[in-house]
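Chain letters run A, B, ... following the sequence lines, proteins first and then strands; every chain starts at 1. On a predicted model such as this, the values are computed, not experimentally measured, just so you know.
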Amino acid sequence: MRIVFMGTPDFAVRSLQALLQAGHRVTLAVTQPDKPKGRGNKVQFPPVKQAALAAGVPVMQPLTLKDPAVQDAIRAEQPDAIVVAAYGRILPQAVLDIPPLGCINVHGSLLPRYRGAAPVQRAVLNGETQSGITTMLMDKGMDTGAILLTAACPIPPDMTAGELFDKLADIGAQLLLRTLDERQAGRLPGTPQDDALATYAPMLTKQEAELNWALPAQQLHNQVRGLNPAPVARTVMAGLPVKIYRTAAGGPVKGRPGTVASTSPLTVVCGDGTGLELLEVQPDGGKRMPAAAFLCGHPLKAGQILAEKEF
RNA sequence: CGCGGGGUAGAGCAGUCUGGUAGCUCGUCGGGCUCAUAACCCGGAGGUCAUGUGGUUCAAAUCCCAUCCCCGCAA
């Protein structure tokens, strides 16, 4: 099948590679423009661009898909289908109309739940025990198109958003191949979504990264998981801003929320009277390390207030 | 030229401003205590102080210069 691929981050790379391995002819990869990123503002290629270049697939990085010249370029590829995975831009109707088999999106949730930019992180953040992948026929709305196929995936209690991302990327790639096969065979007309059941998963913001010890331990644990690997939960320990990468919900503890209940393992009192064990942390300017290592150089005692804030 | 923190024992840190004996917590090894222990006590080993036949100095982890590497913020 002739395919134009649109995607940007790592999540999309698996799907691109799966298409190539399955023998589909990906004649063009459309991805976001290179941007100065990271320390020093160096220009970095989006992961999909790197993967496409490595595979010898031509890359296009338009500023907007509304540009008729861009649309013409895509049309000129005469794709049977356009595959979209976390591209990050709205597709105008003129583009949606190009491929005869439609624009097929690989979305990281079981639609109509978690429409939007951050379905994977939001699912973990909300403590969902199940997520999945939906392939759908794109329309003008935000993740509102007809459902083609779905595949569910359990979320274990300690799984991070990053781990779920990896898993879903694999599942999504496989589901995509099946979707294309069946769609090509004419067996997948698509099922409309029930808008009444729709929920939304907006992008994560920095403000959501701060841990509020007045909240229940389980909720904070979910927050830590959902924000890993980015932007990562934050708090203040021993006067230093630190990121919290991994935690474990512990048992009942005594003390005011935000105080240290124990130092081995490092446990903080939460709002519901249970403890949250901090397992892996990273101080500003330092590397990720086990909490025990942090304690070697930054002594904390039981009963001490962890954050300077009062809750 | 976006802003900033850092590289000292296996790990995490102090010491750098005000140059002069290599320090702390943990780990590790040995011994002791104990019914026993991840607990406690005593003792030991372990460091080219990122790199540089660099500069200054009587003397550099410390001041100056250059290079490499790690990380936080912002975008």
Side-chain angles (χ1 to χ4, degrees), chain A residues 7-13 30-50 59 61-64 86-90 116-118 121 125 160-163 165 202-213 220 223-255 258-268 275-309:
Chain A
T8 302
D10 286 313
F11 179 78
V13 170
V30 181
T31 192
Q32 301 254 5
D34 301 336
K35 285 177 190 168
K37 273 186 180 175
R39 199 176 301 123
N41 282 340
K42 292 173 191 130
V43 173
Q44 279 186 325
F45 293 173
V48 162
K49 178 177 180 179
Q50 295 178 28
V59 173
Q61 299 175 278
L63 287 172
T64 172
Y87 173 51
R89 295 277 164 102
I90 302 290
Q121 297 94 319
L125 212 54
T160 65
E163 290 163 352
F165 251 115
M203 270 197 303
L204 301 174
T205 65
K206 298 279 181 187
Q207 290 94 356
E208 295 176 83
E210 194 71 24
L211 293 176
N212 177 355
W213 299 108
L220 292 170
Q223 185 178 353
V224 169
R225 296 191 296 139
L227 298 179
N228 178 347
V232 185
R234 302 181 136 279
T235 189
V236 174
M237 278 169 59
L240 276 177
V242 284
K243 291 183 171 184
I244 309 294
Y245 281 88
R246 281 192 183 273
T247 53
V253 292
K254 292 184 177 180
T259 60
V260 178
S262 152
T263 54
S264 66
L266 180 56
T267 305
V268 181
L276 186 69
E277 297 177 13
L278 308 185
L279 304 179
E280 193 176 15
V281 305
Q282 177 180 32
D284 259 18
K287 293 187 173 186
R288 285 172 68 156
M289 64 185 82
F294 180 84
L295 288 175
C296 284
H298 308 85
L300 285 172
K301 291 173 186 169
Q304 193 166 339
I305 296 175
L306 188 68
E308 77 259 351
K309 289 186 188 174

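- rG23(B) and rC64(B): their P atoms are spaced 25 Å apart (whole Å).
- The separation of rA36(B) from rG31(B), taken at their P atoms, amounts to 15 Å, rounded to a whole angstrom.
- Applying the Watson-Crick and G-U wobble criteria (two distances, each under 3.5 Å), rG72(B) pairs with rC3(B).
- For Phe165(A), the ring-ring contact (aromatic ring centres under 6.0 Å, His included) criterion is met by Phe11(A), not counting sequence neighbours.
- Contact check for Pro33(A) versus Leu63(A): side-chain heavy atoms found under the 4.5 Å cut-off.
- Taking CG from Leu279(A) and CD1 from Ile244(A), the interatomic distance works out to 9.5 Å, rounded to the nearest 0.5 Å.
- Only the C1' atoms considered, rU21(B) is 45 Å distant from rA74(B), to the nearest whole Å.
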**OP:** Could you run through nucleotides 68-75 of chain B and give me one letter per nucleotide, 5' to 3': B if any protein heavy atom sits under 4.0 Å from the base, S if only the sugar-phosphate is that close, - if neither?
**Re:** --SBBBBB
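- Using C1' as the reference atom, rA14(B) and rC49(B) are 13 Å apart when rounded to the nearest Å.
- Going from the C1' atom of rA61(B) to that of rG27(B) covers 24 Å, rounded to whole Å.
- Between Gln61(A) and Pro46(A), some side-chain heavy-atom pair lies under the 4.5 Å cut-off.
- If you take atom P in rU57(B) and the same atom in rG19(B), they sit 16 Å apart, rounded to whole Å.
- One C1' atom belongs to rU51(B), the other to rU8(B), and the distance between them is 14 Å to the nearest Å.
- Across the protein-nucleic acid pair, Phe294(A) atom CZ and rG6(B) atom P stand 15 Å apart, rounded to whole Å.
- The partner of rA14(B), taking Watson-Crick or G-U wobble pairs whose two distances both stay under 3.5 Å, does not exist in any strand shown.
- Comparing the same atom, C1', in rC3(B) and in rG46(B) gives a spacing of 39 Å after rounding to whole Å.
- Atoms CZ (Arg288(A)) and P (rG12(B)) sit 14 Å apart, rounded to a whole Å.
- The closest donor-acceptor contact from the side chain of Gln223(A) to the backbone of Glu210(A) lies under 3.5 Å.
- Take Glu208(A) and apply the side-chain contact (heavy atoms from CB on, under 4.5 Å) test, not counting sequence neighbours, and it matches Arg122(A), Leu125(A), Leu204(A), Thr205(A).
- At distances below 3.5 Å, at least one donor-acceptor pair connects side-chain atoms of Gln50(A) with backbone N or O atoms of Phe45(A).
- In this structure, rG19(B) makes no Watson-Crick or G-U wobble pair, since no nucleotide meets both defining distances under 3.5 angstrom.
- As a whole-Å value, the separation of Met289(A) CE from rU25(B) P is 19 Å.
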